[in-house]
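Since the model is a prediction, treat every value here as computed from it, not as a measurement. Every heavy atom of this structure was used, including side-chain atoms; hydrogens, water molecules and symmetry mates were not.
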Amino acid sequence: MELPRYKVLRNKLRSQILSGEFSPGVLLPSENELSAEHEINRMTVRQALNELVNEGLITKKKGKGSVVLASRKTLGLLSFKGFSEVVGGTECSVKNIYLKQPVISEWQQPFFYTLSKEELSAQCIAIERLRIAADDPIMLEHTFIPNIDVPDFGQNLEKNGSLFNTLELNYQIRILNVSQDIRAIEAPDEVVMPLSVTRKAPILHIYRKYGTSRPGFYIYSSLYCNTGNYTIGNNF
């Protein structure tokens with residue numbers, strides 16, 4: 001059976017990238033150039049390029065075009081250690097941008113884990129952060145902490161920078177373990193701009209429940225991970 005024309009182009013470009021004909025950092029020919037060269041319309045060219053974006057072989061830069069990516073690096077983000085500790089231990093620089101400062105609020109309903117009556121009545125401290133490695137937005141993180149005996153949490157977090165360090169230094173709460181549910185999804189609208197991905201691009205969505213040294217006290221997170229330039233892995 002004859003392949004669709006976009007797949008023919010995708011396969012050819014993929015071969016040129018993997019063989020080194022198009023090296024990392026190089027701009028691919030423009031959509032117009034590829035359309036003329038292969039005698040196909042621009043929508044077909046764009047479909048082929050989107051396939052290469054989804055495979056992590058190229059990225060689209062606004063105002064520039066399609067850029068070939070280097071081989072993807074692995075970040076150990078499945079660990080229950082903090083983002084800064086995991087990524088900071090690599091050659092990548094780390095930056096956190098607070099999209100939503102710590103604020104006491106009602107729990108989201110429905111919530112992604114079952115909450116106790118004490119947790120529900122106490123409300124939660126909600127935080128939204130964008131986690132960046134080497135100038136690439138890697139993770140959009142929504143974290144929920146029970147508002148139970150953690151006074152002045154926002155002020156202490158601002159001083160320490162690290163959520164896990166703040167819990168341990170100021171409240172003697174250590175993270176002991178994590179259970180997590182991971183699934184591949186299409187990027188929803190609300191993560192497109194923060195993670196610099198196209199709408200419906202494949203991303204990882206991770207729900208986490210952290211066990212702590214304080215009995216009955218759990219930390220919850222909903223994470224959206226952009227794996228375009230990095231794989232998300234761990235050694236266990």
Side-chain angles (χ1 to χ4, degrees), residues 75-90 92-133 136-183 185 188 190-191 193-195 203-226 232 234 236:
L75 298 178
L77 297 183
L78 296 184
S79 167
F80 68 84
K81 296 179 181 179
F83 179 89
S84 298
E85 182 179 353
V86 170
V87 181
T90 70
C92 295
S93 58
V94 174
K95 183 165 61 175
N96 297 315
I97 298 176
Y98 281 83
L99 304 180
K100 183 178 180 181
Q101 294 290 341
V103 60
I104 298 175
S105 64
E106 299 288 341
W107 297 90
Q108 291 182 358
Q109 293 298 328
F111 200 65
F112 46 90
Y113 282 108
T114 301
L115 299 169
S116 69
K117 291 182 179 179
E118 184 182 15
E119 288 172 322
L120 284 170
S121 64
Q123 301 183 309
C124 68
I125 301 168
I127 307 167
E128 183 178 348
R129 297 183 290 182
L130 182 63
R131 322 304 292 271
I132 296 173
D136 290 321
I138 299 298
M139 180 187 294
L140 180 62
E141 176 187 290
H142 301 268
T143 299
F144 307 90
I145 303 167
N147 185 34
I148 302 172
D149 296 329
V150 284
D152 303 319
F153 184 84
Q155 296 177 26
N156 290 324
L157 178 61
E158 186 176 354
K159 294 176 185 176
N160 294 315
S162 166
L163 188 150
F164 287 0
N165 285 346
T166 299
L167 288 169
E168 185 163 1
L169 292 173
N170 294 92
Y171 308 101
Q172 292 72 55
I173 298 174
R174 289 182 293 106
I175 303 298
L176 299 182
N177 53 60
V178 64
S179 60
Q180 51 189 359
D181 298 301
I182 305 170
R183 66 183 64 189
I185 64 168
E190 62 267 25
V191 310
M193 288 187 63
L195 290 180
I203 61 172
L204 285 183
H205 189 197
I206 305 175
Y207 288 132
R208 286 182 169 176
K209 180 179 181 179
Y210 295 94
T212 74
S213 57
R214 181 188 289 182
F217 190 92
Y218 300 96
I219 312 296
Y220 304 92
S221 288
S222 171
L223 314 171
Y224 294 95
C225 299
N226 175 10
I232 308 299
N234 263 103
F236 292 95

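No side-chain heavy atom of Pro194 sits less than 4.5 Å from a side-chain heavy atom of Tyr224. Under the 4.5 Å side-chain criterion, counting only non-hydrogen atoms from C-beta, Ile138 is not in contact with Asn226. The closest side-chain heavy-atom distance from Pro151 to Tyr171 is below 4.5 Å. Residues Leu163 and Ile127 meet the side-chain proximity criterion, which asks for heavy atoms closer than 4.5 Å.
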- Show your working on side chain to side chain contact (heavy atoms under 4.5 Å, CB included) between Gln155 and Asn170 and close with a plain yes or no. CA-CA 11 Å; Gln155 296 177 26; Asn170 294 92; over 6 Å; no

- Message: side chain to side chain contact (heavy atoms under 4.5 Å, CB included) for Ile219 and Leu167? Distances and angles first, verdict last.
- Response: CA-CA 10 Å; Ile219 312 296; Leu167 288 169; 4.1 Å; yes

- Before giving the answer on side chain to side chain contact (heavy atoms under 4.5 Å, CB included), spell out for Leu140 and Glu128 the whole-Å C-alpha distance, their side-chain angles and the decisive distance to 0.1 Å. CA-CA 7 Å; Leu140 180 62; Glu128 183 178 348; 3.8 Å; yes

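Looking at Ser213, its side chain does come within 3.5 Å of a backbone N or O of Arg174 through a donor-acceptor pair. Here the side chain of Ser222 pairs no donor or acceptor atom with the backbone of His142 at under 3.5 angstrom. Judged by distance alone, with hydrogens and angles left aside, the side-chain atoms of Ser221 form no donor-acceptor pair with the main-chain N or O of Leu223 at under 3.5 Å. Remark: side-chain polar atoms of Asn165 are not paired, donor with acceptor, to backbone N or O of Asn160 under 3.5 angstrom. Side chain of Trp107 to main chain of Leu115: no donor-acceptor pair is present (N/O by atom type, distance under 3.5 Å, no hydrogens or angles).
Here the two rings, on Tyr218 and Tyr113, have centers that are 6.0 Å apart or farther.
In this structure, Glu118 places its CD atom where only 12 or fewer heavy-atom neighbours from other residues, nucleotides or ligands lie under 6.0 Å away.
Using a 3.5 Å distance cut-off with no hydrogens or angles, the side chains of Glu119 and Tyr220 do pair a donor with an acceptor. For the 3.5 Å distance criterion, the side chains of Glu141 and Thr143 qualify, holding a donor opposite an acceptor.
The distance from atom CD1 of Ile173 to atom CZ of Arg214, rounded to the nearest 0.5 Å, is 3.5 Å. If you take CG on Leu169 and NZ on Lys159, they are separated by 12.0 Å, rounding to the nearest 0.5 Å. We find the CG-CD distance between Asn156 and Glu158 to be 10.0 Å, quoted to the nearest 0.5 Å. Atom CZ of Arg131 and atom CG of Leu195 lie 12.5 Å apart (nearest 0.5 Å). In this structure, the separation between NZ on Lys100 and CG on Leu130 is 15.5 Å, given to the nearest 0.5 Å.
When all heavy atoms of Ile148 and Phe217 are compared, the closest pair comes out as O-CE1, 3.6 Å. Scanning both residues, Pro137 and Ile132, for their nearest heavy atoms gives CA-CG1, 4.1 Å.
If you run ring-ring contact (aromatic ring centres under 6.0 Å, His included) between Tyr207 and each of Phe112, Phe111, Phe144, only Phe112 comes through.
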